Protein chains: 2
Amino acid sequence: MNTSAGYPVGQVAAFAGVTVRTLHHYDEIGLLSPSARSHAGHRRYSDADLDRLQQILFYRELGFPLEQVAALLDDPDADPREHLRRQHELLTARIGKLTEMADAVQRAMEARTMGINLTPEEKFEVFGDYDPDRHAEETRERWGNTDAYEQSQRRAASYTKEDWLRIKAEQEDWGARLVALRESGAPADGEAAMDLAEEHRRFIVDHYYDCTYEIHTGLAEMYLADPRFNAFYESIAPGTARYVHDAIVANARRAGA
Amino acid sequence: MNTSAGYPVGQVAAFAGVTVRTLHHYDEIGLLSPSARSHAGHRRYSDADLDRLQQILFYRELGFPLEQVAALLDDPDADPREHLRRQHELLTARIGKLTEMADAVQRAMEARTMGINLTPEEKFEVFGDYDPDRHAEETRERWGNTDAYEQSQRRAASYTKEDWLRIKAEQEDWGARLVALRESGAPADGEAAMDLAEEHRRFIVDHYYDCTYEIHTGLAEMYLADPRFNAFYESIAPGTARYVHDAIVANARRAGA
DNA sequence: CTCCGGCCTCACGCCACGTGAGGTGCAAGT
DNA sequence: ACTTGCACCTCACGTGGCGTGAGGCCGGAG
């Protein structure tokens, strides 16, 4: 009765979202050899083969070279739960990294809006793929005392454009109104301050990216925590960073409720 | 004074966390040609070059082929905010995909703990890289009526191992105690039910992965929403899925407060 | 009986680099 | 003055993970 045992290669490819060639390749290198062949020499994949393929594609997606994938899957003292556990860890780690990158992009965007120049190291903070301590120390040690390094350390990055200046003007106008409001004695969680915070958010949305209230409060935290941004606001007038922070938080709360 | 203009290739490589060869390659293919050369023919990268490199690595990290990266970066009517906006979108999209994968792994782990067999399509739900509708329909249309497909549709996946059976026994013991508790009339948010929920969580932690309270409540939701898991619990006794859900939620609340 | 769709096996091509091999320029130590 | 050493240079071939035909086999439908 059960004349057909196992799935043919095309079907497996369709299931897994890969090409037939890929399956051939995995067979060639011995990573996934179908457990049987039909009379005509056609590959027949069993359910167990499909499971293995699923694992393979998973590790591949996370950037493992196929050779290592084979080593992982053929490890005799690694049972299914070992793999699931590891996969879960890898995924959360990966998500964490991407979230960090997203945060770094946020900071980069903010740096641009405010005209803060980043040092070369800061520019690549996004990619935390090297050991941070060792790298930072070593780099400073190796390059920290050369002329090129010292002299270009805080050089202007020359983002000079046309509408860039227009945006900056807008930004400064907002800053001026902020200072005026604060000097008038208006509270940070008052109507006017919240409106100004909302205007700030809209400003970002219009010119840069889709800044949600959640992201906006994240930025507010950064204005307090990150020395660069903190210094920027404090340079306007002492206490401004805190004031802006509170206004943004209040505004987000208003929008959320 | 300023005799040294620009960073040498080794320094740039160290900053960016790439090899010198990579920078040479980008120069060869015209993706990133340093804006100057020293007297001795050495590459000198300007700050603007570093910015471009940062962008390149960003898009590369997200899987773009270098040719497309060049196209994106050289696009004349794409200003900085365009890129930042796009990068932000790409990142959040990617994070979303990974989160989905993590969820799918959760389900796979749960399926294993309960001995539910997945159909071939279900096994690859993790990788949402094909158009779901078109794919699902088309696959069924093309393969749905072949013998191989029908007959192996719900075949046992033969996970038969030794300690796998032991775990299953543990699991069944837990199930029995759950049913007994519920029949005794104990409330789902009572002490005993919560203890049983906690035991369930510990069980997962010990045998599978680090299941936090947050994840655990996520699983509880799934027990209600996903037909497969729902059916599993309901097959024990009607209302069990809900009972388990409530117990887990109550337990998480207890732990959280 | 032919046609067609899916399968097969070579075998070469491609991208994004890795990895030497062999040579240059400069600065520091002997 | 001379070697040592380091960072840089330019070929140029190798590698991983497939893509992309070329040419042929096989079983069912028209």
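Source: prediction; values computed, not measured. Only this structure's heavy atoms are used, side chains among them; waters, hydrogens and symmetry mates stay out. By convention in this document, chain letters (A, B, ...) are assigned in the order of the sequence lines, proteins followed by strands, and residues within each chain are numbered from 1.
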How many Å lie between [atom1] on [X] and [atom2] on [N], as a whole number?
X	N	atom1	atom2	result
B/Glu28	C/dT19	CD	C1'	14 Å
A/Arg44	C/dG6	CZ	C1'	11 Å
B/Gln68	C/dA16	CD	P	10 Å
B/Glu67	C/dC14	CD	C1'	11 Å
A/Gln11	C/dG5	CD	P	18 Å
A/His25	C/dC10	NE2	C1'	15 Å
B/Phe64	C/dC17	CZ	P	15 Å
B/His42	D/dC8	NE2	P	8 Å

Heavy-atom pair of closest approach, residues [X] and [Y]:
X	Y	result
A/Ala16	A/Leu57	CB-CD1, 3.8 Å
B/Asp49	B/Ser33	OD1-O, 4.2 Å
B/Arg37	B/Arg44	C-CG, 3.9 Å
B/Ala13	B/Leu23	N-CD1, 3.8 Å
B/Leu31	B/Ile56	CG-CD1, 3.7 Å

### Query
Within the structure shown, what part of the strands sits under 4.0 Å from A/Ile29 by heavy-atom distance: base, sugar-phosphate, or nothing?
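A/Ile29: no heavy atom of the nucleic acid under 4.0 Å.
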
### Message
Please classify the nucleic acid contact of B/Val9 as base, sugar-phosphate, or nothing, using heavy-atom distances under 4.0 Å.
### Response
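Sugar-phosphate, backbone atoms only, no base.
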
### Nucleotide of C/dC26, D/dG17, C/dG18 approaching B/Arg21 most closely (side-chain heavy atoms)
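Between C/dC26, D/dG17, C/dG18, the one nearest the side chain of B/Arg21 would be C/dG18.
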
### Task
Could you work out which one of C/dG18, C/dA11, D/dG17 sits closest to the side chain of B/Thr22?
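So the side chain of B/Thr22 is nearest to C/dG18.
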
Give a yes/no answer on whether the side chain of [X] brings an N or O atom under 4.0 Å of OP1 or OP2 in [N].
X	N	answer
A/Ser38	C/dC7	no
B/Arg60	C/dC17	yes
A/Arg43	C/dC8	yes
A/His24	C/dC8	yes
B/Arg37	D/dT10	yes
A/Tyr26	D/dG17	no

### Task
Let me know, please, whether B/Thr19 or A/Ala40 comes out on the 5' side of the other along DNA chain C by nearest nucleotide.
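Whichever sits nearer the 5' end wins; that is A/Ala40.
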
